[in-house]
Enquirer: 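Could you have a look at this structure, given as structure tokens, before my questions?
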Amino acid sequence: MTLSGVDAMIAPMSKYPFNEIEKKWQAYWEESQSFAVTEDESIPQEKRIYVLDMFPYPSGSGLHVGHPEGYTATDIYCRYLRMNGYNVLHPMGFDSFGLPAENYAIQTGTHPKITTERNIENFRRQIKSLGFSYDWSREVSTHESSYYRWTQWIFIQLFNKGLAYESNTPINWCDTCKTGLANEEVKEGRCERCGTLVVRRNIRQWVLKITEYADRLLEDLDSLAWPESVKLMQKNWIGRSEGASVLFRIDGMEESLEVFTTRADTLFGATYMVISPEHPLVSALTTADNRGAVEAYLDEVAHKSDLERTDLAKEKTGVFSGSWAINPVNGEKIPIWIADYVLISYGSGAIMAVPAHDERDWEFAKKFGLPIVEVLKSEVSVQEAAWVEDGVHVNSGFLDGLNKDDAIEAMIAWLESRGLGRRAVNYKLRDWIFSRQRYWGEPIPLVHCPSCGTVPVPESELPLLLPEVQSYEPSGTGESPLATIDSWVNTTCPVCSGPAKRETNTMPQWAGSCWYYLRYLDPHNNTEFVSSQKERYWMPVDLYVGGAEHAVLHLLYARFWHKVLYDLGKVSTSEPFTRLINQGMITSYAFQRKDKSLVPTDMVDELEDGRFIERQSGEALERVIAKMSKSLKNVINPDQIIAEYGADSMRMYEMFMGPLEVSKPWSTAGLVGVYRFLDRIWRLYTERTIVDEEPSQALLKSLHKTIKKVSEDTKSLNFNTAIAQMMIMVNELYKEESLNRRIGETFILLLAPYVPHLSEELWQRLGHTKSLINAPWPLWDERLTVDNTVTIVFQVNGKVRSKAEVAMGLADEQALAMAKADEKVAKWLEGKSVVREIVVADKLVNIVVR
RNA sequence: GCCGGCGUGGUGAAAUUGGUAGACACGUCAGACUCAAAAUCUGAUGGAUGAAUAAUCCGUAUCGGUUCGAUUCCGAUCGCCGGUACCA
């Protein structure tokens, strides 16, 4: 027999009325505004808490099973906190500007606003169907003018502070998206969104000076309770390196070349220099004899993509300029080359090359026959390979005998004293290319006036509304569709009232998400982006949960804007998100042939013995874990899960799968297990007689152990083990004939954050007239969580040979005596001499013999 | 290449100031209920040898080390995942 469609939906046979219950309680919460919060000043500071989910982009395909994972985690945590007396801010909204809606508009002519709002409605319905305790009165969507008015306002603050500038330098251009991209949006030379190879293109761009905040963005990472991996990624992205800036005179010219180096100690080994093909001095340094070759090279480089310049260019290329520089430490004349392994965007776009001690320079020197001079004692000849380790300096004048670190210090001091160089710091982080040549985004609120220059739109005129256009098609020439609307472009200068033109670029999708967590605090404020009273009441965000894909992009940009707002005195904290958790991805099973190709799930049969075969060929397949994808037909739709098993099962299963932070494969069979657990609870409360007598000591102990475990694990977000403990408790309760009221009521409260609908229903059926969302969280009695007896193990040479049930707190000597008296232990001690005896109280006795 | 993280039964996973490996759940097997099946309830279930609920051995990617004792600490190797890509 074969099962068609592996992991097919298994309709539950016994059916507790989840559908009815869930509808009923969702309607109740909505009607009674159960989760709306206010800034109640009587609640002490430490009882105010802000728990935030990364808001979704409302895509056309609806909610994915990955979304509810983080949302369920924060929901459980929030419900737990409310029952513990906290005033909890827990909002939700939509990151609703973005390319998919615009691309859809280009194909169909449907306005992005229409599709976006339709998608938002669907997302909201789906999110609500899971019974999350959001304060929906605070919902925001970034595409609404009442929201982007303030995004524009913040941009003007950045502009006024001198943090926004126009640039004409080459930028990353995606020809599919027809727009410029930030450096962070380029992954392996390709557009992060669509995978198209990025090309360099000169397009006028608005750029934000995030580099001005590089140091603070780096330093303040230390203060954050974030995953180390995310902090490290940001740290690497900022890429601070300390070194020196050194000036090289050019032989026969007034100009000099500035280079940045982290290895000032190797200056005596600098045998040539390299400047980037885009360096401003390229033309000046090229001599007549070399002009032909240089121009040919520049032309060749210009036609390479960024990927070819980096990844594929294993072989170094370059050309001699004809000019010579003077090495400031020894006065030697060294040639200046032009090569594309030097990037214009890092440092000064020029380097001193030390082939003996740098692998890239070594490779280049070998190819072009440039001299290689050893300046650190190397273990292998520097003619054979570059030596990049530490060592003792040689051939280096006053540095001879020093190690690397001391020599760097000595050299910088020497350069500084002669005015030839200075200590310097460089960053890998580059300024943020902020403009997009697209329609569906916030218009940048600037006006270009021929006499006043670029001036911001007056704040009183915000929002600067996104106009209607005939065509959403980007021009591809570097102008957005807005540029085609003359009536919109042509305006008057806010300063001199003369004719002027509007900026036609729009902001990137990141803009709206840079500050949404602030707008939730005061979403309907028409006079300020957020009132400072409300900001101080809630900020910073205590817990932020979302996907790891935002480790650099969103989180870095949001931190940057937040710091700017902090410097302007608009917010009270220097960091927005105190604690961050990345939920793991929910993956799915996929089936792999021997050649590693994947087979769509609906083409696979599972044999009775558990093996998997491809239906058509009969080929045996291996079950592997893969990302969910439409092509593999292994995407799970939350709507379908909720319809068949209910929201409570969906929520609890996603939490039971494993730790929040790790990625884990979806298994509908696993979901059924959780469903059965909830069904068992339902029958426990509805089919058994409820008795009011005093519970047994044993049951009371189980209960208190459960209260303790669930309390601690919920607080620390270890939901999977909290659920396991609740299952143990239910298994205990099933051994009884009837249900004890006291135990039953307490247990429902523990269950409530996890499966709120079922819990509310059972709570009501137990006779309560008030919802349990603000019922006090149960407390445990520590004395009832410890057992009177404990099993201790008897080991001989570290191997368990016997065990015994003993009273808690048994004295060491007694434990040892028991072990020695044990028959099985005695067998292993026979004929041996005892060398050592180890007793760990209430745990074990280990007798070491020889 | 470099930087992180991870590797535990047939499956998802528990357990780490070093102290009974595999809680809980899925699956499988057996029993109860039933005319029967499903559902439900109860029990068993890491592997090997074994009639065995006896006993012994093996077992937390691999190899080695520290220790009375290692899933946990250290070193090396392999594999998978994520980040990054000539950053001077």
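In the text below, chain A, chain B and the rest are named by the order of the sequence lines, each starting its count at 1.
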Enquirer: Starting from Watson-Crick (N1-N3 plus N6-O4 or O6-N4) and G-U wobble pairs under 3.5 Å, report the runs of at least three that RNA chain B belongs to.
Expert: B:1-7 with B:78-84, B:10-12 with B:24-26, B:27-32 with B:40-45, B:46-49 with B:55-58, B:61-65 with B:73-77

Enquirer: Could you tell me how far B:rG82 sits from B:rC29 if I compare only their P atoms? Round to whole Å.
Expert: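 Pairwise P distance, B:rC29 against B:rG82, rounds to 37 Å.
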
Enquirer: Distance check, P atoms only: B:rA15 and B:rA23, in whole angstrom units.
Expert: 12 Å

Enquirer: Where the side chain of A:Asn172 meets the backbone of A:Val198, is there a donor-acceptor pair that is under 3.5 Å apart?
Expert: no

Enquirer: Kindly indicate whether a cation-pi arrangement holds for A:Arg688 with A:Tyr734, taking the cut-offs as under 6.0 Å to the six-membered ring centre and within 45° of the axis.
Expert: yes

Enquirer: Heavy atoms from C-beta onward define the side chain here; which of B:rC68, B:rG12, B:rA14 lies closest to that of A:Tyr589?
Expert: B:rG12

Enquirer: For atom P, what is the distance between B:rC63 and B:rG12, given to the nearest Å?
Expert: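 These two P atoms come out 22 Å apart once rounded.
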
Enquirer: Using atom C1' in both nucleotides, what's the gap between B:rG47 and B:rU60 to the nearest angstrom?
Expert: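 The same atom, C1', in both gives a distance of 13 Å.
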
Enquirer: Measure from NZ on A:Lys627 to C1' on B:rC80 and round the result to the nearest Å.
Expert: 14 Å

Enquirer: Whole-Å distance between B:rU20 P and A:Leu844 CG?
Expert: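 Atom CG in A:Leu844 sits about 7 Å away from atom P in B:rU20.
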
Enquirer: Rounding to an integer number of angstrom, what distance separates B:rA14 and B:rC6 when you compare their P atoms?
Expert: 13 Å

Enquirer: Where the side chain of A:Val793 is defined as all heavy atoms beyond and including C-beta, which of B:rU20, B:rA88, B:rC3 is the nearest nucleotide?
Expert: B:rU20

Enquirer: Inspect the contact between A:Glu69 and A:Lys664 and indicate whether a charged nitrogen and a carboxylate oxygen are less than 4.0 angstrom apart.
Expert: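 Yes, charged N to carboxylate O under 4.0 Å.
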
Enquirer: Among the candidates B:rG19, B:rU20, B:rC86, find the nucleotide nearest to the side-chain atoms of A:Tyr341.
Expert: B:rC86

Enquirer: Salt-bridge test for A:Glu363 and A:Lys366: reply yes if a basic N is under 4.0 Å from a carboxylate O, no otherwise.
Expert: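 Answer for the salt bridge query: no.
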
Enquirer: Nearest-nucleotide wise, let me know which of A:Gly798 and A:Asp358 is further upstream toward the 5' end of RNA chain B.
Expert: A:Gly798

Enquirer: Could you check whether A:Lys843 gets within reach of a base, just the sugar-phosphate, or nothing at all, counting any heavy atom under 4.0 Å?
Expert: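 The residue A:Lys843 makes sugar-phosphate contact but no base contact.
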
Enquirer: Mind checking the C1' distance from B:rG22 to B:rG9? Whole angstroms is fine.
Expert: 7 Å

Enquirer: Taking the six-membered ring of A:Phe364, is the NZ or CZ of A:Lys316 close enough (under 6.0 Å from the centre) and on axis enough (within 45°)?
Expert: no

Enquirer: Round to a whole Å and report the spacing from CE of A:Met657 to C1' of B:rA14.
Expert: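 The answer, rounded to whole Å, is 16 Å.
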
Enquirer: Has A:Arg623 got its NZ or CZ under 6.0 Å from the middle of the six-membered ring of A:Tyr589, at an angle within 45 degrees of the ring axis?
Expert: yes

Enquirer: By the 4.0 Å heavy-atom rule, please label A:Ile838 as base, sugar-phosphate, or nothing.
Expert: base

Enquirer: Any side-chain heavy-atom pair from A:Gln725 and A:Ile728 closer than 4.5 angstrom?
Expert: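 A side-chain contact exists here, since the closest heavy-atom pair is under 4.5 Å.
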
Enquirer: What form does the base of B:rG43 take, syn (within 90° of 0) or anti?
Expert: anti

Enquirer: Without decimals, in angstroms, what is the distance between A:Tyr675 OH and B:rG27 C1'?
Expert: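 Checked: the OH to C1' distance equals 20 Å.
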
Enquirer: Is the closest basic N to carboxylate O distance between A:Arg263 and A:Asp265 below 4.0 Å?
Expert: yes

Enquirer: Does a side-chain N-to-carboxylate-O contact under 4.0 Å join A:Glu278 and A:Arg200?
Expert: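 Yes, A:Glu278 and A:Arg200 are salt-bridged.
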
Enquirer: Should A:Glu732 and A:Lys705 be marked as a salt bridge (Lys or Arg N to Asp or Glu O under 4.0 Å) after you check the CA-CA gap, both sets of side-chain angles, and the distance that decides it?
Expert: CA-CA 12 Å; A:Glu732 292 287 315; A:Lys705 283 181 188 173; over 6 Å; no

Enquirer: Over all strands shown, is A:Ser345 touching base, sugar-phosphate only, or nothing at heavy-atom distances under 4.0 angstrom?
Expert: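 Here A:Ser345 touches no strand at all.
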
Enquirer: Does any N or O in the side chain of A:Asn846 come within less than 3.5 Å of the main-chain N or O of A:Gly798, such that one atom is a donor and the other an acceptor?
Expert: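 It does hold such a pair.
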
Enquirer: Distance check: side-chain N/O of A:Arg683 vs OP1/OP2 of B:rC41, anything under 4.0 Å?
Expert: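 For A:Arg683, the contact criterion (side-chain N or O under 4.0 Å from OP1 or OP2 of B:rC41) is met.
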
Enquirer: Using whole Å, report how far CE of A:Met233 lies from P of B:rU84.
Expert: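 After rounding, the gap between these two atoms is 8 Å.
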
Enquirer: A:Lys803 NZ to B:rU20 P: how many Å, rounded?
Expert: 10 Å

Enquirer: May I ask you to say what A:Val552 touches in the nucleic acid, namely base, sugar-phosphate or nothing, with a heavy-atom cut-off under 4.0 Å?
Expert: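 No contact.
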
Enquirer: Just the rounded figure in Å: distance from C1' of B:rG5 to NZ of A:Lys231.
Expert: 16 Å

Enquirer: Given B:rA13, B:rG4, B:rA88, identify the nucleotide with an atom nearest to the side chain of A:Ser229.
Expert: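 So the nucleotide nearest the side chain must be B:rG4.
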
Enquirer: Are any protein N/O atoms closer than 3.5 Å to N/O atoms in nucleotides 56-59 of chain B? If there are, list each pair with its distance.
Expert:
unit_1	atom_1	unit_2	atom_2	d
B:rC57	OP2	A:Arg801	NH1	3.1
B:rC58	OP2	A:Lys799	NZ	3.4

Enquirer: Would you mind checking if A:Glu837 and A:Lys820 are paired as a salt bridge, meaning a charged N to carboxylate O distance below 4.0 Å?
Expert: yes

Enquirer: For A:Arg240 and A:Asp215, run salt bridge (Lys or Arg N to Asp or Glu O under 4.0 Å): C-alpha distance rounded to whole Å, both residues' side-chain angles, the deciding distance at 0.1 Å, then the answer.
Expert: CA-CA 8 Å; A:Arg240 181 190 153 98; A:Asp215 256 329; 2.7 Å; yes

Enquirer: Taking the side chain as everything from C-beta on, heavy atoms only, tell me whether A:Tyr341 gets closer than 4.5 Å to A:Ser276.
Expert: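 They are not in contact (no side-chain heavy atoms under 4.5 Å apart), so the answer is no.
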
Enquirer: Using heavy atoms to find the nearest nucleotide of RNA chain B for A:Arg430 and A:Asn797 separately, return the residue whose nucleotide is more 5′.
Expert: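 Looking at the nearest nucleotide for each, A:Asn797 comes out on the 5' side.
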
Enquirer: Does A:Lys187 put a side-chain nitrogen or oxygen below 4.0 Å from OP1 or OP2 of B:rU84?
Expert: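 Result: yes.
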
Enquirer: Nearest to the side chain of A:Asn236 - B:rC3, B:rA13, B:rC68?
Expert: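 Between B:rC3, B:rA13, B:rC68, the one nearest the side chain of A:Asn236 would be B:rC3.
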
Enquirer: Could you list, one pair per line, each protein nitrogen or oxygen that sits under 3.5 Å from a nitrogen or oxygen of nucleotides 21-25 of chain B, together with the distance?
Expert:
unit_1	atom_1	unit_2	atom_2	d
B:rA25	OP1	A:Asn731	ND2	3.1

Enquirer: Can you tell me how far P of B:rC6 sits from CE of A:Met585, to the nearest Å?
Expert: 17 Å

